[in-house]
Amino acid sequence: MAKTIVSDLDLNDKKVLMRLDFNVPITADGKVGDDNRMVAALPTIKYVIEHHGKAIIFAHLGRIKTEEDKKGKSLKPVAAHLSKLLNQPVTFVPVTEGKQLEDAINNLKDGDVLLVQNTRYEDVVDGKNVKRESGNDPKLGQYWASLGDCFVNDAFGTAHRNHASNVGISKAMEAAGKPVAGGFLMEKEIKYLGDAVKNPRRPFVAILGGAKVSDKIGVIDNLLSKVDKIIIGGGMAYTFYAAKGIKIGKSLVEKDKIDVAKKILDKGGDKIVLPTDSVVADKFANDADHKTVKGDIPDGMMALDIGPDSIKTFENVLKSAKTVVWNGPMGVFEMPNYAKGTLAVGKFLGTLKDATTIVGGGDSTSAVKQLGVADKLTHISTGGGASLQYLEGKTLPGIAAISDK
Ligand SMILES: Nc1ncnc2c1ncn2[C@@H]1O[C@H](COP(=O)(O)OP(=O)(O)O)[C@@H](O)[C@H]1O
Ligand SMILES: O=C(OP(=O)(O)O)[C@H](O)COP(=O)(O)O
């Protein structure tokens, strides 16, 4: 069923609530480190401005479980960066509810842009982890929905979450008879990912890495029936090492997912390709003592990148691929000593001539952009977990909640 899109709405003089994915890296000096996701949302924001709407933007940054977590997770630097990108002022409201927010919204004129504080501040109230946003508290969705005339959800990267700021607002808006639409980014992502996986050209290879192991390990099981090979690198690999009885030292591991990993290995057999060597370090730091080891990770060491032998193994699998979907860096690429694996895989994908190559996820995308290979790939998706779940064939709650045409 086709979904309502922002261009279907009458925006003139309307308070247009927007949900965007501005979950971007913030540098140590408090600036936006990579603005791919923000740039990707500009067409929809500009459309709202040009059609005389008042853009009221909701977005999240990081995950918040304690009061302490709120430090460094304010969207203020994102507002400043957005103002530069749009070349117009952006009003930043440092709270997520109350009179200050309501007054600021009431003061908006046509074409103005306002960014609300990190929606996940609502997860911790009075020091308690109440998960109002990420638990989709209906009262919060209703409150936010009451602030606007229509809702435009363009946060593809967050579409796999059932949260108050995407699903909650949508449901409350619909209940109040107000329009709920998707944005242009949502439309573009669905088109590219849908086309690539409906009838994928084979061999179809998925590459998974990164650190959100418990989030993404479940995806592998479903992908097994769709792809010809799954390459697993990055922090994800060591839960699989543990499942195979290979020593992992102090490497990232999700202990309660080792059984899941075992089942995936049994079911996947030689479809699953793991690193054969790793770069290990004695601490999580670029200047730590580090070396390359095959197989077992020594006691007291942690694996922070794949090694040169793994790179060759992965390239061998990838060289004949016709469709490649990649999410999650192969190592801690933010630190130069552990960036080689991610670099090598990104560069290799850029050399594949007759292949559809799709990279998704905040960190993976920022890695391929740093490498300068982004323009050699078919599609850079703003969603990591979201694109994976879309590929699995799952209905994403954020998309499902957009009104049908
Ligand atoms: N071996 C590893 N150990 C710990 N962290 C890792 C390892 N490999 C990659 N990472 C981290 O994974 C993070 C990205 O993971 P994730 O959020 O799942 O990817 P994406 O944002 O692309 O979806 C990066 O910050 C990177 O440093
Ligand atoms: O960065 C995101 O996901 P991704 O790392 O899978 O691309 C999205 O903004 C969702 O964030 P979340 O995984 O904290 O819910």
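Keep in mind that the numbers below use all heavy atoms, side chains included, and drop hydrogens, waters and symmetry copies. Counting starts at 1 for both ligands and their atoms, in listed order. In this chain, residues are counted from 1 in sequence order. These numbers were taken from a predicted model, which means no experiment stands behind them.
Lys178 places a side-chain N or O within donor-acceptor distance of the main-chain N or O of Gly148, the cut-off being under 3.5 Å. Of the possible polar contacts, one joining the Asn118 side chain to the Lys73 backbone as a donor-acceptor pair under 3.5 Å is found.
Closest to atom 9 (C) of ligand 1 among all protein heavy atoms lies Gly331 O, 3.1 Å. Summary of contacts: the protein heavy atom closest to atom 22 (O) of ligand 1 is Ser364 OG, 2.5 Å. For atom 15 (O) of ligand 2, the nearest non-hydrogen atom of the protein is Arg161 NE, 2.6 Å. The protein heavy atom nearest to atom 9 (O) of ligand 2 is Asp21 OD2, 2.8 Å. The protein non-hydrogen atom at the shortest distance from atom 6 (O) of ligand 2 is Gly385 N, 2.7 Å. Counting protein heavy atoms only, atom 15 (O) of ligand 1 is closest to Ala211 N, 3.0 Å. Among protein heavy atoms, the minimum distance from atom 11 (O) of ligand 2 is reached at His60 NE2, 3.3 Å. Scanning all protein heavy atoms for the shortest distance to atom 7 (C) of ligand 1 gives Gly235 N, 3.3 Å. Scanning the protein for heavy atoms near atom 25 (O) of ligand 1, the closest one is Glu334 OE2, 2.5 Å. Remark: minimum distance from atom 18 (O) of ligand 1 to any protein heavy atom is reached at Lys216 NZ, 2.9 Å. With respect to atom 4 (C) of ligand 1, the closest heavy atom belonging to the protein is Val332 CG2, 3.9 Å. The protein heavy atom nearest to atom 14 (C) of ligand 1 is Asp363 OD2, 3.3 Å.
Ser278 and Tyr238 share a side-chain donor-acceptor pair at under 3.5 Å. Counted by atom type alone, Glu133 and Thr119 present one or more donor-acceptor pairs between their side chains at under 3.5 Å. Thr96 and Gln117 form no side-chain donor-acceptor contact under 3.5 Å, judged by distance and modelled atom types alone. For the residue pair Asn162 and Asn136, a side-chain donor N or O sits within less than 3.5 Å of a side-chain acceptor on the partner.
Taking any N or O of Ala386, backbone or side chain, none lies under 3.5 Å from an N or O belonging to ligand 2. The shortest N/O to N/O separation between Asn23 and ligand 2 falls below 3.5 Å. Every N/O-N/O distance between His163 and ligand 2 stays at or above 3.5 Å. Note: an N/O pair closer than 3.5 Å links Lys212 and ligand 2 by distance alone. Checked against a 3.5 angstrom limit, the closest N/O atoms of Gly361 and ligand 2 fall outside it.
Classification of Lys65 and Asp69 as a salt-bridged pair fails, no side-chain N sitting under 4.0 Å from a carboxylate O.
Short contacts between ligand 1 and Pro329, defined as distances under 4.0 Å to a heavy atom of the residue, involve ligand atoms 9 (C), 14 (C), 19 (O), 22 (O). Heavy-atom contacts of Lys212 reach the following atoms of ligand 1: 17 (O), 18 (O) (cutoff under 4.0 Å). Taking a cut-off of under 4.0 Å to the non-hydrogen atoms of Asn327, the atoms of ligand 1 that pass are 20 (P), 22 (O), 23 (O).
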Give the intermediate values and the outcome of side chain to side chain donor-acceptor pair (under 3.5 Å) for residues Ser387 and Glu189.
CA-CA 8 Å; Ser387 60; Glu189 294 276 15; over 6 Å; no
Trace of the side-chain contact (heavy atoms from CB on, under 4.5 Å) decision for Ile230 with Val205:
CA-CA 6 Å; Ile230 299 190; Val205 181; over 6 Å; no
I'd like to know whether Ile358 forms a side-chain contact (heavy atoms from CB on, under 4.5 Å) with Leu391, so could you lay out the CA-CA distance, the side-chain angles of the two residues, the decisive distance to 0.1 Å, and finally the verdict.
CA-CA 11 Å; Ile358 298 176; Leu391 297 180; 6.0 Å; no
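For the residues Lys216, Arg37, Arg120, the heavy atom positioned nearest atom 14 (O) of ligand 2 is part of Arg120.
Only the backbone of Ala303 comes within 4.0 Å of ligand 1, judged by heavy-atom distances. Neither the backbone nor the side chain of Asp305 has any atom closer than 4.0 Å to an atom of ligand 1 (non-hydrogen atoms only).
The number of heavy-atom neighbours closer than 6.0 Å to CG of Asn199, taken from other residues, nucleotides and ligands shown, is 12 or below.
Considering NZ of Lys188 and CG of Leu193, their distance stands at 11.0 Å, rounded to 0.5 Å.
With ring centers used as reference points, His290 lies under 6.0 Å from Tyr338.
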